[in-house]
Protein chains: 2
Amino acid sequence: MNANRPSANRPVYLKLRDQIAAAIIDGEYAEGAMLPSVRALAAEQGANPLTVAKAYQQFQNDGLVEVQRGVGMYVVRGAAERLRAADREAFLREEWPEIRARMERLGLNPADMMLAD
Amino acid sequence: MNANRPSANRPVYLKLRDQIAAAIIDGEYAEGAMLPSVRALAAEQGANPLTVAKAYQQFQNDGLVEVQRGVGMYVVRGAAERLRAADREAFLREEWPEIRARMERLGLNPADMMLAD
DNA sequence: CGAGGTGCATCAGTGCCATAATACAGCCAC
DNA sequence: GTGGCTGTATTATGGCACTGATGCACCTCG
């Protein structure tokens, strides 16, 4: 039955990207600290170094990490808060409307569910 | 910036499937009524008849629609409620935990947001 | 300088998705 | 029966995203 799983079968590089973003927001990858090397993270996650690099890519484009070629990638100051703010804005604008519509269709109430567990 | 859009770039046949499921749940495709033919819906949606057929496929497997070969496909009795129940269960089990975790990470509160707009 | 770590570019392979063109099988109204 | 509508099967093709392997450029440290 069923099948509505937008989050399932997600490309690896996107999963990694989300995971890294979460780690930055949570301070697990502290500001100023060096991110795991592409090879290291690849080995740890059982992925390809290129896939990890692809996951890192966008953080570079957005200026959230600083690349020191031949050395490593470092989390810039303010990255966590900037990332959280951007993600929150994007979530509210692009995901939440659909999620809320879907819940209403299914007869669910977000307010109740926060209290549920 | 950003990129967390699991729902973006979704295969057409899955979009159609979701759209059809929503129509059934909402009663837009009433129980006992005939679904649009694969060719008709394909033309309307600007898709390929095969792609539409692929979208219809799972509803047949799940016994939510009855196929009368040479005639058309009909929504079976109780399909809406069964579909809603299955989707709800799947949503709560597979999607909601991630969504809630994500919202908490972003500092959002579902309960507040239902009242917001 | 040399070894070992970094990120990065290039090429190739793979699989899923979507489309297309037919053709077939079943049902109905006329 | 005929024409026109249904769903379905077959085959082929193109595109695209993801993944993989290799090699290169760069930096640090001893």
Side-chain angles (χ1 to χ4, degrees), chain A residues 3-21 23-24 29-30 32-76 79, chain B residues 2-21 23-24 29-76 79:
Chain A
N4 265 8
R5 273 158 297 168
S7 48
N9 281 358
R10 198 99 164 288
V12 175
Y13 81 99
L14 283 184
K15 290 182 190 169
L16 290 175
R17 187 199 152 292
D18 292 348
Q19 169 180 334
I20 295 161
I24 292 179
Y29 294 160
M34 176 179 149
L35 290 173
S37 74
V38 287
R39 290 175 178 81
L41 188 55
E44 174 188 334
Q45 297 289 331
N48 190 290
L50 223 92
T51 304
V52 176
K54 191 171 183 179
Y56 278 153
Q57 188 66 46
Q58 192 167 13
F59 295 108
Q60 310 176 30
N61 300 340
D62 295 342
L64 295 172
V65 304
E66 187 186 15
V67 179
Q68 295 192 14
R69 189 166 178 128
V71 181
M73 304 178 49
Y74 294 83
V75 182
V76 306
Chain B
N2 146 76
N4 266 7
R5 275 157 295 167
S7 46
N9 281 357
R10 196 99 166 286
V12 175
Y13 82 98
L14 284 183
K15 290 182 189 169
L16 289 175
R17 199 189 65 66
D18 292 349
Q19 169 181 333
I20 295 161
I24 292 178
Y29 294 160
E31 305 188 347
M34 176 179 147
L35 291 172
S37 74
V38 288
R39 290 176 178 82
L41 188 55
E44 175 189 333
Q45 297 288 332
N48 190 291
L50 250 83
T51 304
V52 175
K54 191 173 183 180
Y56 278 153
Q57 188 65 46
Q58 193 168 10
F59 295 108
Q60 311 178 30
N61 299 340
D62 295 344
L64 294 172
V65 304
E66 186 186 15
V67 178
Q68 295 192 14
R69 188 162 178 133
V71 182
M73 304 178 49
Y74 294 84
V75 182
V76 305

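Letters A, B, ... are given to chains in the order of the sequence lines, protein chains preceding strands, and every chain is numbered from 1.
- For the atom pair OH of Tyr13(B) and CD of Gln58(B), the computed distance is 8.5 Å after rounding to the nearest 0.5 Å.
- Between Gln45(A) atom CD and dT19(D) atom P there is a gap of 13 Å when expressed in whole angstrom units.
- In the interface, the side chain of Arg39(B) is paired with the base of dG7(D) through a donor and an acceptor atom under 3.5 Å apart.
- Note on Tyr13(A): every side-chain N or O is 4.0 Å or more away from OP1 and OP2 of dT19(D).
- Taking atom CG of residue Leu41(B) and atom P of nucleotide dT19(C), one finds them 12 Å apart after rounding to whole Å.
- Distance alone, capped at 3.5 Å, is enough to place a donor-acceptor pair between the Asn48(A) side chain and the Leu50(A) backbone.
- Counting heavy atoms from C-beta on, the side chains of Thr51(B) and Lys54(B) never come closer than 4.5 Å.
- Between dC18(D) and Lys54(A), a contact under 4.0 Å exists linking OP1 or OP2 to a side-chain N or O.
- Looking at heavy atoms from C-beta onward, Gln19(B) lies in side-chain contact with Gln45(B) at the 4.5 angstrom threshold.
- When side chains are defined from C-beta on, Leu35(B) counts as touching Val65(B), because their heavy atoms get closer than 4.5 Å.
- Within 4.0 Å of Tyr56(A), counting heavy atoms only, lies no atom of the nucleic acid at all.
- Here dT19(D) presents its C1' atom at 12 Å from CG of Leu16(A), a figure rounded to the nearest Å.
- Between the CZ atom in Arg17(A) and the CZ atom in Arg10(A) there is a gap of 8.0 Å [rounded to 0.5 Å].
- When the P atom of dA17(D) is taken as reference, atom CZ of Arg10(B) falls 17 Å away, rounded to whole Å.
- Between Pro11(A) and Met73(B), the residue anchored nearer the 5' end of DNA chain D, judged by the nucleotide with its closest heavy atom, is Met73(B).
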Just the table, please: protein N/O against nucleotides 1-3 of chain D N/O, every pair under 3.5 Å.
none

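- As rounded to whole Å, 11 Å separates atom P of dC29(D) from atom CD of Gln68(A).
- For Leu50(B), counting side-chain heavy atoms from C-beta on, the closest listed nucleotide (dT6(D), dC27(C), dT10(D)) is dT10(D).
- A residue-by-residue look at Thr51(A) and Arg69(B) shows that Arg69(B) has its nearest nucleotide of DNA chain D further toward the 5' end.
- At a threshold of 4.0 angstrom between heavy atoms, the contacts of Gln57(B) with the nucleic acid are absent.
- Residue Gln60(A) is the one, among Gln60(A) and Asn48(B), whose nearest nucleotide of DNA chain C lies closer to the 5' end (criterion: closest heavy atom).
- Between the NZ atom of Lys15(B) and the C1' atom of dC16(C) there is a distance of 15 Å, rounded to whole Å.
- Tyr56(A) is listed as a side-chain neighbour of Pro36(A), based on a closest heavy-atom distance under 4.5 Å.
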